[in-house]
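Structure record follows, encoded as structure tokens.
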Amino acid sequence: MHRSGTVNIFDELTWRGLVHQISDPDGLRTYLKAPGQTMYCGFDPTAESLHIGNLVPLLSLVRMLRAGHKPIFLMGGATGLIGDPSGKDKERELSNLDAVQGRAANIKAQIEAFVERNTGQKPCVVNNYDWVKEMSAIELLRDVGKYFTVNWMLGKESVRGRIERDEVGISYTEFSYMILQGYDFYHLYKEMGCRLQIGGGDQWGNITAGCELIRKKAAGEAYALTFPLITTASGKKFGKSEKGAIFMSAAMTSPYAFYQFWINTEDADVIRFLKYYTFLDEERINEIAAEHEAAPHLRGAQKILAAETTIMVHGEDELNKVLAATDALFGKGDLKSIDPATLAAALESAPSKSYTGELPDLPQVLVDLGLCPSKGQARKDIQAGAISLNGDKVADTAHMLAGPDFLGGALAVLRKGKKNYGLVRLG
RNA sequence: GGUGGGGUUCCCGAGUGGCCAAAGGGAACAGACUGUAAAUCUGUCGGCGUCAGCCUUCGGAGGUUCAAAUCCUCCCCCCACCA
């Protein structure tokens, strides 16, 4: 099979392993055959930034755009106020309007920057608050609610999961979520001719709710496509590092940390992730897979994955900085032989702390840098041999930082474990 | 509104007057081995600490007691069934 811009995007998604469920495979394939088709995916503003768990849907819309289609990026300004029960095992706290709209604005800017970087085109971003806010309770109940039977809604996984378990319940608010999302799809169908909604594996119920509404209310045909739930080979949930979610915002997750997340991908996942998270084509990925199999210890596939995703999200300039930092910290050279200015630049995104006058003892410094949660834990870490100063292990739990510890008289590099750095500045 | 069952340290979950900073599991962090991988083994896992000990925690507020996560009172929240 050939892969090029003219190939049906549906086949490409299939090859990438991104297709989990589809409502009508033949119909959808036909729909996507000619360019210029419309599809959408929603992003609820539940945080200030998108995170890498949003990357598959986001990238898929971008792939659509690159294939000549007309994807719509929907901000869930309204649905974010309600709370999606899908995949959640308990009721969530409501967020207030200002918070949700503020996040929606941030995420909209983020999506625009991302799409422009990767396609050179401006994305079409809409906010469902714009049409849902106009709707009255009577309209919602008569014009939308009438098309859904509770019996059918109760059959949905997101609802059933909450009802069948004894300890949790579901409020009417969250129960209604699928109706709102269904209405979004209907609205976009009517206004923009949108006939496909894509989403994560847990979105099947919500998406098909929209298909139902379009069929009953407009006698139209619409398609649903969901992605598989992405897990790692060792069974962990994808997308969380030790520190929490990996965000796309450089302010929330530094480009360095972002790159490090990807470079740490385990062998068993790396080829699959190249398919999910890069634009590299089949031929190129097969090549990488062969090289990786021949020499896994070189981590070639991980390096490509990390570089591709970092460029995609943060751009090439940031990648170059990150590579310089990575080389300084994980390269062969002795930390002490590196020029302090280079070192400081490499550790730009690492926590740092400046002291003037009296220096506290090492455990306190580790706490100040956020490398250790408490002084007690810091002492334990030192005893366990986890702490190094300028590349040398520290043995003394009460070590006092002093002049000779500072490279170039101004800079000391602390490390906990293999990957956690902190910078101490003098003056 | 009524009846019953619950709310324990990041999560699950044991604990029904002192032996409880609280079993066990998971997650997490670290060490060893490696390839900034996985698996495995080991250690740590409330805070402070001169490592003796001190302080704070078991939904919230009070109370009983020499002593409470455990008993009592009131309140808040969750779940089930009934209305």
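Order of the sequence lines fixes the chain letters, A, B, ..., with proteins taken first and strands second; residue numbering starts at 1 for each chain. Quick caveat, the model's predicted, so the values are computed rather than measured.
- Proximity of residues 302-309 of chain A to RNA chain B (heavy atom under 4.0 angstrom from any strand atom) is restricted to A:Q302.
- Separating the CG atom of A:D269 from the P atom of B:A37 is a distance of 14 Å, rounded to the nearest angstrom.
- For B:C78 and B:C71, the P atoms lie 23 Å apart once the distance is rounded to whole Å.
- Under the ring-ring contact (aromatic ring centres under 6.0 Å, His included) criterion, no residue pair touches residues 347-398 of chain A, with sequence neighbours excluded.
- Within the 4.0 Å cut-off from OP1 or OP2 of B:A30, at least one side-chain nitrogen or oxygen of A:N420 is found.
- With a cut-off of 3.5 Å on both pairing distances, B:U57 has no Watson-Crick or G-U wobble partner at all.
- On the P atoms, B:G18 is 15 Å away from B:C72, given to the nearest whole Å.
- Residues A:Q181 and A:I207 are in side-chain contact: their nearest non-hydrogen atoms beyond the backbone lie under 4.5 Å apart.
- Using a 4.0 Å heavy-atom criterion, one finds that A:A384 contacts the sugar-phosphate atoms exclusively.
- The partner of B:C81 is B:G2, judged by Watson-Crick or G-U wobble contacts that both fall below 3.5 Å.
- Of all nucleotides present, none satisfies the Watson-Crick or G-U wobble test against B:C19 with each distance under 3.5 Å.
- Annotation: of the two residues near RNA chain B, A:L298 and A:D381, the 5′-most nearest-nucleotide partner is A:D381.
- Atom P of nucleotide B:C45 and atom NZ of A:K416 are separated by 14 Å, given to the nearest angstrom.
- Comparing A:I170 and A:G417 against RNA chain B, the residue whose closest nucleotide sits nearer the 5' end is A:G417.
- Across B:U36, B:G35, B:G31, the shortest atom-to-atom separation from the side chain of A:A386 is found for B:G31.
- Rounded to whole Å, the separation between the C1' atoms of B:U64 and B:U70 comes to 14 Å.
- Rounded to whole angstrom, the span from the CZ atom of A:F330 across to the P atom of B:U36 amounts to 8 Å.
- Checking B:G24 for Watson-Crick or G-U wobble geometry (two distances, each under 3.5 Å) identifies B:C12 as its partner.
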Atom pairs, protein N/O to nucleotides 47-51 of chain B N/O, distance under 3.5 Å:
residue : atom : partner : partner atom : Å
B:G47   : OP1  : A:S374  : OG           : 3.2
B:C48   : OP1  : A:K375  : N            : 3.0
B:C48   : OP2  : A:S374  : OG           : 3.2
B:C48   : OP2  : A:G376  : N            : 3.3
B:G49   : OP1  : A:K375  : NZ           : 2.9
B:G49   : OP2  : A:R379  : NH1          : 3.4
B:G49   : OP2  : A:R379  : NH2          : 3.1

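- Between the CD1 atom of A:I382 and the C1' atom of B:U44 there is a distance of 14 Å, given to the nearest Å.
- Using a 30° and 60° split on the angle between ring planes, A:W131 and A:H187 fall in the parallel class, below 30°.
- The aromatic rings of A:Y172 and A:F175 lie tilted to each other, with the angle between the two planes from 30° to 60°.
- Using a 4.5 Å heavy-atom cutoff, the side chains of A:N264 and A:Q302 are not in contact.
- Between the C1' atoms of B:G25 and B:G62, the separation comes to 36 Å (whole Å).
- Here the side chains of A:K108 and A:N127 are not in contact, with every heavy-atom distance at 4.5 Å or above.
- Of all nucleotides present, only B:U40 satisfies the Watson-Crick or G-U wobble test against B:A32, with each distance under 3.5 Å.
- Atom C1' of B:U8 sits at a distance of 10 Å from the matching atom of B:A14, rounded to the whole Å.
- A distance of about 13 Å separates the P atoms of B:A69 and B:A61, rounded to the whole Å.
- Distance, A:E293 CD to B:A37 C1': 15 Å, rounded to whole Å.
- If you take atom C1' in B:C10 and the same atom in B:A21, they sit 16 Å apart, rounded to whole Å.
- Contacts of A:N390 classified as side chain to side chain contact (heavy atoms under 4.5 Å, CB included), with partners at least two apart in sequence or in another chain: A:K336, A:L407, A:A412, A:V413.
- For A:H69, the ring-ring contact (aromatic ring centres under 6.0 Å, His included) test picks out no residue, with sequence neighbours left out.
- Atom CG of A:N264 and atom C1' of B:A37 are 8 Å apart (whole Å).
- Taking atom CZ on A:R272 and atom C1' on B:A37, their separation rounds to 15 Å, with Å as the unit.
- Using the six-membered ring where Trp is involved, A:F247 and A:H51 have ring planes that are perpendicular, over 60° apart on the 30 and 60° scheme.
- A salt bridge links A:R272 with A:D269: the closest approach of a Lys/Arg side-chain nitrogen to an acidic carboxylate oxygen falls below 4.0 angstrom.
- One atom, NE2 of A:H297, and another, P of B:U36, lie 10 Å apart when rounded to the nearest Å.
- Pairs passing the salt bridge (Lys or Arg N to Asp or Glu O under 4.0 Å) check and including a residue from residues 132-148 of chain A, sequence neighbours excluded, do not occur.
- Taking atom C1' in both B:A28 and B:C79, the straight-line distance is 30 Å, to the nearest Å.
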